[in-house]
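Remarks on the structure that follows.
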Number of protein chains: 2
Amino acid sequence: MKKPTISDLAQAAGVSKTTVSHAFSGRRHVDPETRERIEKIAQEIGYRPNRAAQHLRTGRTGMIALASSMPFSVAAGPSRLGFLMEIAATAAVASLTRNMALCLIPPFQSGAQLDAITPDGVILVEPFQDDPLVQHFTGLGVPVVSVGRVPGREDIPHVDLNSGATARMVLEHLRASGATRIGLVTGEQRRNSYIETEAAYRAFCDEIGIEPACLQLNESGGEDLAAEAVASLLSRRGDIDALYVPVDAFASGAVTAAASKGLKIPQNIRLATRYDGLRAKLSRPPLTAVELHLEAIADLAVGLLMAAIDGEVAGPVSAPQPELVLRASTAS
Amino acid sequence: MKKPTISDLAQAAGVSKTTVSHAFSGRRHVDPETRERIEKIAQEIGYRPNRAAQHLRTGRTGMIALASSMPFSVAAGPSRLGFLMEIAATAAVASLTRNMALCLIPPFQSGAQLDAITPDGVILVEPFQDDPLVQHFTGLGVPVVSVGRVPGREDIPHVDLNSGATARMVLEHLRASGATRIGLVTGEQRRNSYIETEAAYRAFCDEIGIEPACLQLNESGGEDLAAEAVASLLSRRGDIDALYVPVDAFASGAVTAAASKGLKIPQNIRLATRYDGLRAKLSRPPLTAVELHLEAIADLAVGLLMAAIDGEVAGPVSAPQPELVLRASTAS
DNA sequence: ACCGTTTAGCAAATCGGTTTGCACGAATCA
DNA sequence: TGATTCGTGCAAACCGATTTGCTAAACGGT
């Protein structure tokens, strides 16, 4: 009771394997009548092409991979998982409709592990400069696209997150809500979103004539590190009355820091973050955040990747306009 | 500049393909000296076996799939994502170390989508009775293991979550913290954890002689539905002074409901949930929850699946002892 | 010296598709 | 009528591994 092969089907339909193959792939014309007969019989005997055989011949594996260079379960963990998972969920659907499987790459460990997987293409979520994942896959000749530009690698197609514009939007909102001294907390890794955000922030400070107050934290430190670092920043710079903290785990830390300093949100200090996940929503008070449209972004990324796999040189694509989600943490 | 094949390597090493194959797989003995030479040359020319060819020959695809029958991104979304993703993260690592790729199956849609993927095995997270995913894969002859028993399918290997014991533990804790009338909120779908939990709950009520108060909610309704339903329950049964709400999204709803009724947690009503994710941690007050050891569970599930794929008939395995995580929501 | 047993390695078949080159008849054209 | 094209389909090569059956040499025991 083995699974029927293309030969079985060909025999049952009284045609050759070639014809069956063409009937399915459409790479050559076959008589509509013949094709219909083949399809009908295929249904009956329950034929489904063997993926491995297809892949061997075509040189494709039929799978694309999704990876984030953020620590996966450690430290920044749960919040980042939300971000990645929202993308994963949509990407999985998008892949499947294109007849591809989406598989998960846990954070880079020994590197040898990565050999187990030979995807047709990879989506990297917010890689940083000289990210080993980028190097691994491009070195293998595997097409890579990223969510967020890869610093220093303009050649890699990506979905542009418009982090500069996003930062601008948030900063202006903070000011409109009454803030006069705004600080910024990002991460140490040179991810493009940080770079753009910082640039936009400095430009903004210049314009309105305030002294920049930047913090770059080690992402593995997570919420606790942020709580500590922000508290110390607030001690040094007592004039700060607002913070933009794109990484939501850090934003949680900032909430803790504010509380420890006896500062009320938003009365004494306003707080906005970027990823509108559970943290932002469940925080007390809930945090103003940015709707990034991750589903759309994931869709775009998959589309880009498919094009790249097909050898098309697609330029970067812009994510949909991000939107502010106003919450109590920045109420004026 | 094509990738070297086994033939190239064999030629370079002055042996046959067979010897190379055996050198790598170890399925037959090869002279250690020869093997070393082969490995060295493989390094030099950058040989890596073609997965597709291996799969074709061995009949394996080298990928296992992870699926949850919970709505993936809708409704209960983010919280569930945490649960699934914690498992996914560990499972991905566990798979990769076994030279397998882990791929994600988004929630059952048309069914036709699922054809794109032919995994060697599948891990299902808390499937319910007559779950279409179970039927799809077992029908295809693909080994299935589940996290949480599959009701009505004792033949499917699973990691037992000991939901009955967990419920007992939580209920006893609630009572110890001062509760006298405890209610239970679960989901409509017939997942084993609900079934066991309800049974343990009824037994518990019987024992201590209290009237059971159960709610079964549609999981797609998520937090909002729970808020509504729990509020109405609290109106009907004003005597209730504690709730065990295993699904964390529902627990969030219960928090809202309590607030809307003017009930203070834990003074007027105690609240405990199961999955110790962001919701439980970030809730105000933070919720007592259960450390399920999801990483260990995921590891066990992958192990079970590998055994099943290798044709071993492994019985169910028990998850590590769950532990209560005490938080303010049940302080006495 | 003989026979049985390891040991090391090879050639060839195999997995199930896709793709190429060719054949044959019918239709079109000069 | 002969040449050319088109439509349809087939046989065979091919993708790159694994696995089977076999050979030949080395070894050991009697």
Side-chain angles (χ1 to χ4, degrees), chain A residues 1-39 41-42 45-63 99-100 115-118 120 140-141 310, chain B residues 1-39 41-42 45-63 99-100 115-116 118 120 140-141 309-310:
Chain A
M1 204 54 180
K2 296 224 321 260
K3 278 180 57 174
T5 73
I6 196 172
S7 299
D8 300 331
L9 175 51
Q11 196 164 9
V15 297
S16 74
K17 298 194 302 177
T18 313
T19 307
V20 174
S21 177
H22 289 325
F24 281 113
S25 69
R27 293 188 51 86
R28 274 206 201 168
H29 189 82
V30 311
D31 192 304
E33 203 176 302
T34 312
R35 177 215 253 76
E36 243 171 71
R37 190 174 75 247
I38 292 176
E39 280 171 357
I41 299 186
I45 66 176
Y47 167 75
R48 33 193 61 282
N50 179 314
R51 273 0 211 46
Q54 290 180 318
H55 300 158
L56 173 58
R57 182 62 226 233
T58 59
R60 299 258 177 99
T61 65
M63 80 168 78
N99 244 274
M100 293 247 162
D115 290 347
I117 214 170
T118 327
D120 290 335
L140 243 49
D310 291 341
Chain B
M1 205 52 179
K2 293 223 322 259
K3 278 181 59 176
T5 72
I6 196 173
S7 300
D8 301 331
L9 176 51
Q11 198 164 9
V15 297
S16 74
K17 298 195 299 176
T18 312
T19 307
V20 174
S21 177
H22 289 327
F24 281 110
S25 69
R27 293 188 51 87
R28 276 208 199 166
H29 188 82
V30 312
D31 192 304
E33 205 176 299
T34 313
R35 177 215 252 75
E36 243 170 71
R37 193 173 74 248
I38 291 177
E39 279 171 358
I41 300 186
I45 66 176
Y47 167 75
R48 34 191 61 280
N50 179 314
R51 282 341 218 58
Q54 290 180 318
H55 300 158
L56 172 58
R57 181 61 228 231
T58 59
R60 299 259 176 97
T61 65
M63 78 167 81
N99 243 274
M100 292 248 165
D115 290 346
T118 328
D120 290 335
L140 243 48
I309 289 174
D310 292 341

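Here is the naming used below: chain letters follow the sequence lines, and residue numbers restart at 1 for every chain.
- Partners of R57(B) under the salt bridge (Lys or Arg N to Asp or Glu O under 4.0 Å) rule, at least two apart in sequence or in another chain, do not exist in this structure.
- Each of R28(B) and R48(A) lies near DNA chain C, and the nucleotide nearest R28(B) is the one positioned closer to the 5' end.
- F24(B) has its CZ atom 10 Å from the P atom of dA17(D), to the nearest Å.
- Atom CG in N50(B) sits about 10 Å away from atom P in dT18(D), given to the nearest Å.
- Take R48(A) and apply the salt bridge (Lys or Arg N to Asp or Glu O under 4.0 Å) test, not counting sequence neighbours, and it matches D115(B).
- Taking atom NE2 on H55(B) and atom C1' on dT18(D), their separation rounds to 12 Å, with Å as the unit.
- Residue L9(B) contributes atom CG, which lies 11 Å from atom P of dT18(D) at whole-angstrom precision.
- OP1 or OP2 of dA8(C) sits under 4.0 Å from a side-chain N or O of H29(B).
- Taking atom CD of Q11(B) as the reference point, atom C1' of dC10(C) lies 15 Å away to the nearest angstrom.
- In this structure, T118(B) has no side chain to side chain donor-acceptor pair (under 3.5 Å) partners at least two apart in sequence or on a different chain.
- Atom C1' of nucleotide dG9(D) and atom CZ of R37(A) are separated by 11 Å, given to the nearest angstrom.
- In terms of modelled atom types and a separation under 3.5 Å, the side chain of R37(A) and the main chain of A13(A) share a donor-acceptor contact.
- Contact between the side-chain N/O atoms of S7(A) and the OP1/OP2 oxygens of dG16(C) is not found at any separation under 4.0 Å.
- Take D31(B) and apply the side chain to side chain donor-acceptor pair (under 3.5 Å) test, not counting sequence neighbours, and it matches no residue.
- The base of dG9(D) is not paired with the side chain of R35(A) by any donor and acceptor separated by under 3.5 Å.
- Within a 6.0 Å radius of CD in E39(A), other residues, nucleotides and ligands contribute more than 12 heavy atoms.
- A straight line from CD of Q54(B) to C1' of dT19(D) spans 13 Å, rounded to a whole angstrom.
- Residues forming a side chain to side chain donor-acceptor pair (under 3.5 Å) with D120(A) (at least two apart in sequence, or on another chain): T61(A).
- Residues passing the side chain to side chain contact (heavy atoms under 4.5 Å, CB included) test with S16(B) are T18(B), T19(B), sequence neighbours excluded.
- Atom CG of D31(B) and atom C1' of dA26(D) are 13 Å apart (whole Å).
- For S25(B), there are no side chain to side chain donor-acceptor pair (under 3.5 Å) partners, not counting sequence neighbours.
- In this structure, Y47(A) reaches the sugar-phosphate backbone alone: every heavy-atom distance under 4.0 Å involves primed, P, OP1 or OP2 atoms, never a base.
- Looking only at distances, no side-chain donor or acceptor of S21(A) sits under 3.5 Å from a matching main-chain atom of K17(A).
- Within 4.0 Å of T34(A), counting heavy atoms only, lie sugar-phosphate atoms of the nucleic acid but no base atom.
- Overall, the helix from dA1(C)-dT30(D) to dA30(C)-dT1(D) carries an axis bend of 40° between its ends, with five pairs at each end and the value rounded to 10°.
- The side chain of L56(B) has dC15(C) as its nearest neighbour among dC10(C), dC15(C), dG17(C).
- You won't find any donor-acceptor pair under 3.5 Å spanning the side chain of R57(B) and the base of dG16(D), going by distance alone.
- Of all the residues in residues 13-22 of chain B, K17(B), T18(B), S21(B), H22(B) reach under 4.0 Å from DNA chain D with at least one non-hydrogen atom.
- Remark: the R27(B) side chain and the dG9(C) base include no donor-acceptor N/O pair separated by less than 3.5 Å.
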